[in-house]
Amino acid sequence: MSGQQAGAEQRREESSAPTSSPSRFVLGLDVGSTVIRCHVYDRTARVRGSSAQKVENVYPQPGWVEIDPDALWAQFVAVIKDAVKAAGVQMNQIVGLGISTQRATFITWNKKTGHHFHNFISWQDLRAAELVKSWNNSLIMKLLHGATKLLHFFSRNKVMLTVSRFTFTTQHVTLRLVWILQNLPEVKKAVEEDNCCFGTIDTWLLYKLTKGSSYATDYSNASTTGFFDPYAMRWSKLIATMVSIPFSILPPVRDTSYNFGSVDEEIFGVPIPVVALVGDQQSAMFGECCFETGDVKLTMGTGTFLDINTGKTPQHVNGGFYPLIGWKIGHELVCLAEGNAGDTGTAIVWAQKLDLFTDAAETEKMALSLEDSEGVYFVPSFSGLQAPLNDPCACASFMGLKHSTSKYHLVRAILESIAFRNKQLYDMLQREIQIPVTNIRADGGVCNNAFVMQMTSDLINEKIDRPAHFDMSCLGAASLAGLAVGSQCVALAVLELTM
Ligand SMILES: Nc1ncnc2c1ncn2[C@@H]1O[C@H](COP(=O)(O)OP(=O)(O)O)[C@@H](O)[C@H]1O
Ligand SMILES: O=P(O)(O)OC[C@H](O)CO
C-alpha cells in the first residue's frame, strides 16, 4: 500500500474518534456480479455496519448467464436491512442511498404491471455471439466504416475515426437486447403497444424501490450499454436506428449524483432518498479518488476493468479502449477510457468449484509454494476474449499439462493468467491513450491476492497502490450520495483523501 493511501486511511481512523456522535448516515451499495454489498457510512466515511450476500447466477444453456430478478430484489432489500441492523442505527437515520451496480446487465418489463418479461441478461452472457459476428461482418458495418474513414480523412474529425473503428461486442447491451426483441414475442408485443420498459440493474432497482414512480438511469450506466453517444450525451440515434432498438423503451438519463426519488415507505418503514446511481467501475474510480486526468484504477472482481480518467471529453479510441462517462454532477463531467477482461474472479470461482482449494485466499500460498508453473498456461475466457483479441467464441483452456502437473500448477497458471491479462490491458492503454499515467490504484476481491498484485506490478513495471479497504464501489456510491444530500456527509471525508 502506498504512503498516500496509508495516510488517508489513518486520517480517516483519527477523524472518526468517538468525540462526536454522528446521527446521519449514508448507505453505499455495490450490486456486483459475484457479491452484493452494503456498507453504512458515517460522516467521516467510516463503515459502521455491513452486510453482503453471494449473487446466484443462472446458467440455462451453455454460454447463457442470467440473474433471477426476484432473488436479486430479495437480496438487495436484505443486505440493506442487515447492514443497518449491524450498524446499530435506525432506518430514519439514513439520509441517502447510493447504488453502484454491475453494468450492461439488463431486463425488460411491463410498463403497466411492472412484471418482468425475462431474467436479467448478464453482461457475461454469450447468446448474442452469432449476432455480433454477423453484424461486425455485415455490409452495413463495412459501409459505415468506409464512409466514416473517408469523412475522417477529409475533415480530421476524430469522432469519425472512432465510428470507423466501432464494433459490437457481446458485453454491450445492444445485440443482447436485439436478441430479446427478436426472440421473445411477449416483449415484441409490449413494444408495439408502447408498454415495455428497458432498464439496466440501477434503473430496475430504482423502479422497484419507488414502486414505479421513478424511471431513470445515470450517465455512467447509460454510457456502458453500447448504444449511448458520449459525444452528444444522449442515446445514440445511429446505433438504435441501425439495429432497430425503439427509443420508446429507454429511460431518461440523469446526473450521477441526483435526487432520483424516495424509497416507498412500505419497504423500509421510512422514505429514504435515492441520491446516486452509478456504474460499479465508475464508482470505484470515484471511491479511489481518481479525480485527475491520467489517474488509473485497476479493478479485479468478477472481471478485470482498467480505467483511466481522460478529463472532460470522451477519448477517441482505436478499437481496444472504449470511451465512457465517469460521472456527471451538475456542470462537472468526467470521462474515462476503459479496457477489460471478462474472466478474473470467475476463473477463481470455477477452480474452487472443482475443489482445487476451499477458500480463494489459499490460492496465494499455493502459487508461492512453487518456483513456476512448469510451463502450464491458462487462458481465462469463459466469456470469450475481449480486446485486444475481441473473440467472443474463444474458449477457456489449459495448455502445457504434464504427468507432473498438480493442482498447485493449475492454480498458479490461473493466477498468472490474470496478471498476464492485466499486462496486456496496460500495454493497450499505453498504446491507445495519449495521456501520461499518474497513479494506479487497485481494488476488487482479487486484489486481496498479493501474488497477482506483485506479478502485475512486475510485468507492467509500475507501482500499484492498494487501499486498506477494497470495497471502492460502495465507497464511491456513498460519496456521490453524500454530495447530493449535503456537505455534512461522506463526500467531505472522501474529498479529504485527495488533499
Ligand atoms: N485472496 C483472494 N485471491 C484470489 N481471489 C480472491 C481473493 N479474495 C477474493 N477473491 C475473489 O474475488 C471475487 C469477488 O470480487 P468482488 O470484487 O467482490 O466481485 P464483484 O464486485 O464482481 O461481485 C471472487 O471471485 C473471489 O473468489
Ligand atoms: O461485477 P463486476 O464488479 O466484475 O463488474 C461488472 C461490470 O460492471 C460489467 O460491465
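The figures that follow rest on heavy atoms only: side chains count, while hydrogens, waters and symmetry mates do not. This structure is a prediction, so every number in the text was calculated from the model and none was measured. Every number for a ligand or one of its atoms is a count from 1 in the order of the listing.
In terms of N/O distances under 3.5 Å, ligand 1 is approached by Gly345. Remark: ligand 1 and Ile348 share no N or O pair separated by less than 3.5 Å (distance only, no angle test). The shortest N or O to N or O distance between Gly303 and ligand 2 is below 3.5 Å. Between Asn449 and ligand 1, at least one pair of N/O atoms sits closer than 3.5 Å. Between Thr302 and ligand 2, at least one pair of N/O atoms sits closer than 3.5 Å. In terms of polar-atom proximity, Thr34 is not counted as a contact of ligand 2, lacking any N or O under 3.5 Å from an N or O of the ligand. Residue contacts with ligand 2: Gln102 is placed with no nitrogen or oxygen under 3.5 Å of a nitrogen or oxygen of the ligand (distance criterion only).
Close approach of ligand 1 to Gly32 is summarised as follows: ligand atoms under 4.0 Å from at least one heavy atom of the residue are 21 (O), 23 (O). Ligand 2 places these atoms under 4.0 Å from at least one heavy atom of Gly32: 1 (O). Residue Ser33 approaches ligand 1 through these ligand atoms, each under 4.0 Å from one of its heavy atoms: 20 (P), 22 (O), 23 (O). Against a heavy-atom cut-off of under 4.0 Å, Gly444 is close to the following atoms of ligand 1: 17 (O). Close contacts of ligand 1 with Arg37, meaning ligand atoms under 4.0 Å from a residue heavy atom, involve 18 (O).
From the protein, the heavy atom lying nearest to atom 7 (C) of ligand 2 is Phe305 CZ, 3.5 Å. Nearest to atom 11 (C) of ligand 1 among the protein's heavy atoms is Val446 CG2, 3.8 Å. Among all protein heavy atoms, the one lying closest to atom 1 (O) of ligand 2 is Ser33 OG, 2.5 Å. Of the protein's heavy atoms, Thr302 OG1, 2.5 Å lies nearest to atom 22 (O) of ligand 1. Among all protein heavy atoms, the one lying closest to atom 26 (C) of ligand 1 is Ala360 CB, 4.4 Å.
Within 6.0 Å of atom CD in Glu332, more than 12 heavy atoms from other residues, nucleotides or ligands are found, so the atom counts as buried in its surroundings. Heavy atoms of other residues, nucleotides or ligands lying less than 6.0 angstrom from CG of Asp70 number more than 12. Within 6.0 Å of the CD atom in Gln61, the count of heavy atoms belonging to other residues, nucleotides or ligands exceeds 12.
For atom 21 (O) of ligand 1, the nearest non-hydrogen atom from the set Asp359, Thr344, Val452, Asp30 comes from Asp30. Among Ala347, Ala52, Gly445, the residue whose heavy atom lies closest to atom 13 (C) of ligand 1 is Gly445.
The proximity of Val349 to ligand 1, defined as any non-hydrogen pair under 4.0 Å, is limited to the side chain. When heavy-atom distances to ligand 1 are checked against a 4.0 Å cut-off, Thr363 comes that close only through its side chain, counted from C-beta outward. If you look at Gln281 next to ligand 2, the close heavy atoms, those under 4.0 Å, all belong to the side chain. Only the side chain of Asp280 comes within 4.0 Å of ligand 2, counting heavy atoms alone; its backbone N, CA, C and O stay farther away.
At a threshold of 4.0 Å, the pair Lys365-Glu362 does not count as salt-bridged, since none of the basic side-chain nitrogens sits closer than that to a carboxylate oxygen. Between Glu338 and Arg103 there is a salt bridge, since at least one side-chain N of the basic residue sits less than 4.0 Å from a carboxylate O of the acidic one. Salt bridge Asp427/Lys423: present, at least one basic N to carboxylate O contact under 4.0 Å.
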Step-by-step salt bridge (charged side-chain N to carboxylate O under 4.0 Å, His left out) determination, Asp255 to Lys328: CA-CA 5 Å; Asp255 277 11; Lys328 181 173 175 298; 2.9 Å; yes
Test log, rule ring pair (Phe, Tyr, Trp, His ring centres under 6.0 Å), inputs Trp179 and Phe168: CA-CA 13 Å; Trp179 190 97; Phe168 291 103; over 10 Å; no
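Residues Ile348 and Asn449 have side chains not in contact (no heavy-atom distance under 4.5 Å, counting atoms from C-beta outward).
Thr203 and Ala216 make their closest contact through OG1-O, 3.0 Å (heavy atoms, listed as atom of the first residue, atom of the second, distance).
Between the side chain of Trp235 and the backbone N or O of Pro251 there is at least one donor-acceptor pair closer than 3.5 Å. No donor-acceptor distance shorter than 3.5 angstrom exists from the side chain of Gln124 to the backbone of Val65, with no hydrogens or angles considered.
The side-chain hydrogen bond (donor to acceptor under 3.5 Å, both in side chains) with Lys297 is formed by just one residue from the set Asn309, Asp307, Asp443; it is Asp307.
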